[in-house]
Amino acid sequence: MKFLIIEDEYHAAKMLTELLTTLEPQSTILETLDSVEDAVEWFQNKEMPDLVFMDIQLADGLSFDIFRQVEVNCPVIFTTAFDRYSLQAFKVNSVDYLLKPIEKEELATALGKFHRYHQQATKVSFNNNSLQSLLQQISESRPYKSRFLLKHGQTWEYLSSDVVTYLYSEDGLTFLVDIKGKRHTLDESLEQLQNQLDPSLFFRINRQQIIHIEAIHKIHSWFNHRFKLDMSQGKEQEFIVSRKRTKEFKEWLNR
């Protein structure tokens, strides 16, 4: 058997690899990928594995983006931190799931299910539209980040996401600016934060900035069919909605 792991957490990928090596010593793990981009490239250029282990939230987005870009004609077992009740839909179409941290017994059960289906057909046929729908439901129901843990010297504090006006990246660092105009350094990248924040409140207007809807003071038409925003904080910065995000930004405001 040939397995493919798509997981952006190093320790989770390492643990899964060790468990698979124990439970399936004759199997081969083809590769461990950590992003939507790498996964799409794999499925476009290489032979399908027998089974894919796929995390829902990856380094550059949610895994349903993979199915939007490429056809995946092999069984998938999702690994996720979501609760069991919200994941009953994954019982459809031979798609199984494992809750993190993955237990050896649960992995063995999932592998047993896979082997039963593998004996019935060389390849299990999947409906990409169904997978997209299921994953979209999960992405919309997942718990979003409500607080930020911040370190200042030898002390720690936390901020509610409600007091965030915007986040931005600069010189390889990520910063949060609160409603008082105070800047805080974060460990996460904007790509990671974008997947953690409530999309009804936060919007990534360009590669460098994510803004909170309540912090928008005024919206101006701008050069080349873009928008320029006046924000409640950050007077020293320009907030320009990139052209490729303008349509989505208008739809976001008009929900």
Query raised in the report: Between Glu7 (side chain) and Glu9 (backbone), is there a donor-acceptor pair under 3.5 Å?
Result: yes
Query raised in the report: Taking Asn224 for the side chain and Arg226 for the main chain, is one N or O donor matched with an acceptor at less than 3.5 Å?
Result: no
Query raised in the report: Counting distance only, does the side-chain N/O of Glu106 pair as donor-acceptor with the main-chain N or O of Ile102 below 3.5 Å?
Result: no
Requested in this report: Answer whether the closest heavy-atom distance between the side chains of Gln69 and Val36 falls below 4.5 Å.
Outcome: yes
Requested in this report: For Thr165 and Ala215, indicate whether the former's side chain and the latter's backbone hold a donor-acceptor pair under 3.5 Å.
Outcome: no
Requested in this report: Count the heavy atoms of every other residue, nucleotide or ligand shown that sit under 6.0 Å from NE2 of His220, and state whether that count exceeds 12.
Outcome: yes
**Report entry** Path from Leu190 to Ile213 over hydrophobic side-chain contacts below 4.5 Å
**Finding:** yes
Query - ring-ring contact (aromatic ring centres under 6.0 Å, His included) involving Trp222 - partner list, sequence neighbours excluded - result: none
Requested in this report: For residues 175-195, pull every pair meeting ring pair (Phe, Tyr, Trp, His ring centres under 6.0 Å), keeping only residues two or more places apart or in separate chains.
Outcome: His152-His184, Tyr168-Phe175
Report summary line: All heavy atoms of Asp8 vs all of Asp34, minimum pair found to be CB-O, 3.4 Å
Query - Side-chain touch Leu150/Thr185, heavy atoms, less than 4.5 angstrom - result: no
Report task. Mark yes or no for whether Lys235, through its side chain, and Met231, through its backbone, hold a donor-acceptor pair below 3.5 Å. Result -> yes
Query raised in the report: Same cluster or not: are Phe239 and Phe227 linked, directly or through other Ile, Leu, Val, Met, Phe, Trp or Tyr residues, by side-chain heavy atoms under 4.5 angstrom apart?
Result: yes
Requested in this report: Step by step, work out the side chain to side chain contact (heavy atoms under 4.5 Å, CB included) result for Phe148 and Leu193.
Outcome: CA-CA 10 Å; Phe148 292 83; Leu193 290 169; 3.8 Å; yes
Requested in this report: Could you check if a side-chain atom of Leu20 sits within less than 4.5 angstrom of a side-chain atom of Ile5, using non-hydrogen atoms only?
Outcome: yes
Query raised in the report: Mind checking whether Ile210 and Gln194 have side chains closer than 4.5 Å, heavy atoms only?
Result: yes
**Report entry** Which atom of Leu4 lies closest to which atom of Pro49, heavy atoms considered
**Finding:** CB-CG, 3.8 Å
Requested in this report: Report the distance from atom CZ of Phe43 to atom CG of Asp38, rounding to the nearest 0.5 Å.
Outcome: 11.5 Å
**Report entry** Asp187 with Lys151: basic N within carboxylate O range, under 4.0 Å
**Finding:** no
Query - Gap between atom CD1 of Ile66 and atom CH2 of Trp42 - 0.5 Å precision - result: 13.0 Å
Query raised in the report: Looking at side-chain heavy atoms only, is the closest gap between Met54 and Phe67 below 4.5 Å?
Result: yes
Query raised in the report: How far apart are the C-alpha atoms of Ser161 and Tyr144, what are their side-chain angles, what is the distance that settles it, and do they pass the side chain to side chain contact (heavy atoms under 4.5 Å, CB included) test?
Result: CA-CA 10 Å; Ser161 60; Tyr144 296 109; over 6 Å; no
Query raised in the report: Around Glu31, counting heavy atoms of other residues, nucleotides and ligands shown, do more than 12 lie under 6.0 Å from its CD?
Result: yes
Query raised in the report: More than 12 non-hydrogen atoms from neighbouring residues, nucleotides or ligands closer than 6.0 Å to CD on Gln154, yes or no?
Result: no
Query - Point-to-point distance, once rounded to the nearest 0.5 Å, from CG of Leu107 to CE of Met15 - result: 11.5 Å
Query raised in the report: Is the shortest distance from a Lys or Arg side-chain nitrogen in Glu191 or Arg204 to a carboxylate oxygen in the other one below 4.0 Å?
Result: yes
Query raised in the report: Between atom CD1 of Ile29 and atom OG1 of Thr17, what is the distance when rounded to the nearest 0.5 Å?
Result: 4.0 Å
Query - Under 3.5 Å: donor-acceptor pair, side chain of Asn206, backbone of Gln209 - result: yes
Query raised in the report: What heavy-atom pair brings Phe114 and Asp50 nearest, and what distance separates the two atoms?
Result: CE1-O, 3.4 Å
Query raised in the report: Quick check: are there more than 12 heavy atoms from other residues, nucleotides or ligands sitting under 6.0 Å from NZ of Lys180?
Result: no
Report task. For residues Leu23 and Lys104, determine if any side-chain heavy atom of one lies less than 4.5 Å from a side-chain heavy atom of the other. Result -> yes
Query - From CA spacing to verdict: side-chain hydrogen bond (donor to acceptor under 3.5 Å, both in side chains), Gln233, His212 - result: CA-CA 11 Å; Gln233 297 294 339; His212 192 292; over 6 Å; no
Query raised in the report: Do Asn45 side-chain atoms and Glu41 backbone N/O form a donor-acceptor pair below 3.5 Å?
Result: yes
Requested in this report: Could you please spell out the steps behind the side chain to side chain contact (heavy atoms under 4.5 Å, CB included) verdict for Ser35 and Leu33?
Outcome: CA-CA 6 Å; Ser35 68; Leu33 310 174; over 6 Å; no
Report task. Could you walk me through whether Trp156 and Leu149 pass the side chain to side chain contact (heavy atoms under 4.5 Å, CB included) test, one step at a time? Result -> CA-CA 7 Å; Trp156 295 81; Leu149 182 63; 3.7 Å; yes
Report task. Determine, for Tyr10 and Lys14, whether the Lys NZ or Arg CZ falls below 6.0 Å from the six-membered ring centre while staying within 45 degrees of the axis. Result -> no
Query raised in the report: Given side chains that start at C-beta, do those of Gln208 and Glu170 come closer than 4.5 Å, heavy atoms only?
Result: no
Query raised in the report: How many angstroms lie between atom CG of Leu167 and atom OG of Ser189, to the nearest 0.5 angstrom?
Result: 11.0 Å
Query raised in the report: Hey, quick one: are Ile240 and Ile216 part of the same hydrophobic cluster, counting side-chain heavy atoms closer than 4.5 Å, chains of contacts allowed?
Result: no
Requested in this report: Would you check if the side chain of Asp55 reaches a backbone N or O of Ile6 as a donor-acceptor pair within less than 3.5 Å?
Outcome: no
Report summary line: Closest non-hydrogen atoms of Lys100 and Thr79, given as atom of the first, atom of the second and distance, are CE-OG1, 3.9 Å
Query raised in the report: In Å and rounded to the nearest 0.5 Å, what is the CG to OH distance from Asp178 to Tyr166?
Result: 10.0 Å
